[in-house]
Amino acid sequence: MPAYRILVDLSDRQLYLLDGDTVVRGFPVGIGTMLTQTPTGDYAIVNKQANPGGPYGAFWMGLSKPHYGIHGTNDPSSIGKQVSLGCIRMHNESVLELSRLVRVGTRVTIRP
(Lines give C-alpha, C1' and ligand atoms only; values in the text may rest on other atoms or scores of the structure.)
Protein backbone atom coordinates (compact mmCIF):
# COMPACT_ATOMS: atom_id res chain seq x y z
CA MET A 1 0.00 0.00 0.00
CA PRO A 2 1.48 3.40 -0.96
CA ALA A 3 2.41 5.89 1.76
CA TYR A 4 -0.33 8.37 0.99
CA ARG A 5 -0.66 11.83 2.45
CA ILE A 6 -3.52 14.30 2.38
CA LEU A 7 -3.43 17.94 1.33
CA VAL A 8 -6.46 20.14 2.01
CA ASP A 9 -6.49 23.38 0.04
CA LEU A 10 -8.93 25.72 1.75
CA SER A 11 -8.83 28.32 -1.05
CA ASP A 12 -10.22 25.91 -3.64
CA ARG A 13 -12.11 23.75 -1.10
CA GLN A 14 -10.50 20.54 -2.27
CA LEU A 15 -8.92 17.59 -0.50
CA TYR A 16 -6.13 15.92 -2.46
CA LEU A 17 -4.80 12.41 -1.87
CA LEU A 18 -1.12 12.34 -2.79
CA ASP A 19 1.33 9.51 -3.39
CA GLY A 20 4.62 11.36 -2.94
CA ASP A 21 4.08 14.56 -4.95
CA THR A 22 1.56 13.02 -7.35
CA VAL A 23 -2.14 13.75 -6.91
CA VAL A 24 -3.99 10.43 -6.98
CA ARG A 25 -7.50 11.75 -6.24
CA GLY A 26 -9.21 15.05 -5.58
CA PHE A 27 -12.43 15.56 -3.63
CA PRO A 28 -14.57 18.66 -3.03
CA VAL A 29 -14.96 19.53 0.65
CA GLY A 30 -16.91 21.80 2.95
CA ILE A 31 -14.80 23.84 5.37
CA GLY A 32 -15.16 26.08 8.41
CA THR A 33 -16.99 29.39 8.42
CA MET A 34 -15.27 32.76 8.84
CA LEU A 35 -15.91 32.55 12.61
CA THR A 36 -15.06 28.86 12.99
CA GLN A 37 -12.23 28.49 10.50
CA THR A 38 -10.59 25.21 9.59
CA PRO A 39 -7.13 25.31 11.21
CA THR A 40 -4.13 25.36 8.89
CA GLY A 41 -1.00 23.36 9.61
CA ASP A 42 0.38 19.84 9.66
CA TYR A 43 -1.52 17.09 11.43
CA ALA A 44 -2.03 13.34 11.30
CA ILE A 45 -5.04 11.03 11.34
CA VAL A 46 -5.24 9.68 14.89
CA ASN A 47 -8.44 7.60 14.75
CA LYS A 48 -11.04 6.27 12.34
CA GLN A 49 -14.65 5.37 13.02
CA ALA A 50 -17.41 4.11 10.74
CA ASN A 51 -20.95 5.39 11.34
CA PRO A 52 -20.05 7.85 14.13
CA GLY A 53 -23.62 9.14 14.37
CA GLY A 54 -24.86 12.70 14.51
CA PRO A 55 -23.94 15.07 11.67
CA TYR A 56 -20.71 13.22 10.79
CA GLY A 57 -22.16 11.09 8.01
CA ALA A 58 -20.79 7.66 7.16
CA PHE A 59 -17.24 7.99 8.53
CA TRP A 60 -15.02 10.02 10.87
CA MET A 61 -11.22 10.41 10.74
CA GLY A 62 -9.97 12.39 13.71
CA LEU A 63 -6.98 14.71 13.38
CA SER A 64 -4.12 15.22 15.81
CA LYS A 65 -5.65 18.65 16.52
CA PRO A 66 -8.31 17.73 19.11
CA HIS A 67 -11.96 18.17 18.09
CA TYR A 68 -11.16 18.42 14.36
CA GLY A 69 -11.52 15.78 11.69
CA ILE A 70 -12.37 14.74 8.18
CA HIS A 71 -15.88 13.31 8.00
CA GLY A 72 -18.93 12.64 5.90
CA THR A 73 -22.09 14.70 6.12
CA ASN A 74 -25.83 14.28 6.31
CA ASP A 75 -26.11 17.52 4.26
CA PRO A 76 -24.50 16.96 0.85
CA SER A 77 -25.46 20.49 -0.26
CA SER A 78 -22.88 21.83 2.22
CA ILE A 79 -19.93 20.45 0.22
CA GLY A 80 -17.95 23.24 -1.42
CA LYS A 81 -19.15 25.83 1.10
CA GLN A 82 -17.87 27.47 4.29
CA VAL A 83 -20.33 25.92 6.71
CA SER A 84 -18.64 23.71 9.30
CA LEU A 85 -17.33 24.39 12.80
CA GLY A 86 -13.82 23.84 11.41
CA CYS A 87 -13.93 20.21 10.33
CA ILE A 88 -13.49 19.07 6.75
CA ARG A 89 -16.74 17.68 5.32
CA MET A 90 -16.89 15.26 2.41
CA HIS A 91 -19.62 13.46 0.51
CA ASN A 92 -20.26 10.15 2.29
CA GLU A 93 -19.16 8.06 -0.69
CA SER A 94 -15.94 10.12 -0.92
CA VAL A 95 -15.05 9.82 2.77
CA LEU A 96 -15.65 6.07 2.60
CA GLU A 97 -13.33 5.78 -0.41
CA LEU A 98 -10.68 7.90 1.32
CA SER A 99 -10.97 5.90 4.55
CA ARG A 100 -10.15 2.69 2.67
CA LEU A 101 -6.98 4.26 1.22
CA VAL A 102 -5.44 5.94 4.28
CA ARG A 103 -4.51 4.59 7.67
CA VAL A 104 -4.07 6.00 11.15
CA GLY A 105 -0.86 8.03 11.10
CA THR A 106 -1.40 9.47 7.60
CA ARG A 107 -0.06 13.03 7.34
CA VAL A 108 -2.63 15.77 6.71
CA THR A 109 -1.56 19.24 5.61
CA ILE A 110 -4.17 22.00 5.60
CA ARG A 111 -3.15 25.13 3.72
CA PRO A 112 -4.96 28.47 3.31
Mind checking whether [X] and [Y] sit in one hydrophobic cluster, side chains of I, L, V, M, F, W, Y counted as touching below 4.5 Å?
{"X": "Leu63", "Y": "Tyr16", "value": "no"}
{"X": "Val29", "Y": "Leu85", "value": "no"}
{"X": "Val8", "Y": "Val46", "value": "no"}

Taking [X] for its side chain and [Y] for its backbone only, find out whether a donor-acceptor pair lies under 3.5 Å.
{"X": "Arg111", "Y": "Leu7", "result": "no"}
{"X": "Thr38", "Y": "Gly32", "result": "yes"}
{"X": "Asp42", "Y": "Arg107", "result": "no"}
{"X": "Thr36", "Y": "Ser84", "result": "yes"}
{"X": "Thr73", "Y": "Pro76", "result": "no"}
{"X": "Asp9", "Y": "Asp12", "result": "yes"}
{"X": "Ser64", "Y": "Ala44", "result": "yes"}

For a quick test of reading the model, state the closest non-hydrogen atom pair linking [X] to [Y] and the distance between them.
{"X": "His91", "Y": "Pro28", "value": "CD2-CG, 4.3 Å"}
{"X": "Ile45", "Y": "Met61", "value": "CD1-SD, 4.0 Å"}
{"X": "Cys87", "Y": "His71", "value": "CB-NE2, 3.4 Å"}
{"X": "Phe27", "Y": "Glu97", "value": "CE2-OE1, 3.9 Å"}
{"X": "Pro39", "Y": "Tyr43", "value": "CB-OH, 3.5 Å"}
{"X": "Ser78", "Y": "Arg89", "value": "OG-NH1, 3.0 Å"}

Verify side-chain contact (heavy atoms from CB on, under 4.5 Å) between Leu15 and Ile70, making sure each step is shown before the conclusion.
-> CA-CA 10 Å; Leu15 181 151; Ile70 300 167; 4.1 Å; yes
Roughly how far, to the nearest 0.5 Å, is the [atom2] atom of [Y] from the [atom1] atom of [X]?
{"X": "Phe59", "Y": "Glu93", "atom1": "CZ", "atom2": "CD", "value": "15.0 Å"}
{"X": "Met90", "Y": "Ile88", "atom1": "CE", "atom2": "CD1", "value": "9.0 Å"}
{"X": "Leu101", "Y": "Thr106", "atom1": "CG", "atom2": "OG1", "value": "9.5 Å"}
{"X": "Tyr56", "Y": "Asn92", "atom1": "OH", "atom2": "CG", "value": "14.0 Å"}

Of the options Ile110, Thr109, Leu18, Leu98, which is the one that meets Ile6 in a side chain to side chain contact (heavy atoms under 4.5 Å, CB included)?
-> Leu98
For the residue pair Asn51 and Trp60, confirm or rule out a side-chain donor-acceptor distance under 3.5 Å.
-> no
Would Lys81 and Asp75 count as a salt bridge (Lys or Arg N to Asp or Glu O under 4.0 Å) if you check the C-alpha gap in whole Å, the side-chain angles of each, and the deciding distance to 0.1 Å?
-> CA-CA 11 Å; Lys81 300 177 183 161; Asp75 181 9; over 6 Å; no
Do Asp19 and Arg25 meet the salt-bridge criterion of a basic N to acidic O distance under 4.0 Å?
-> no
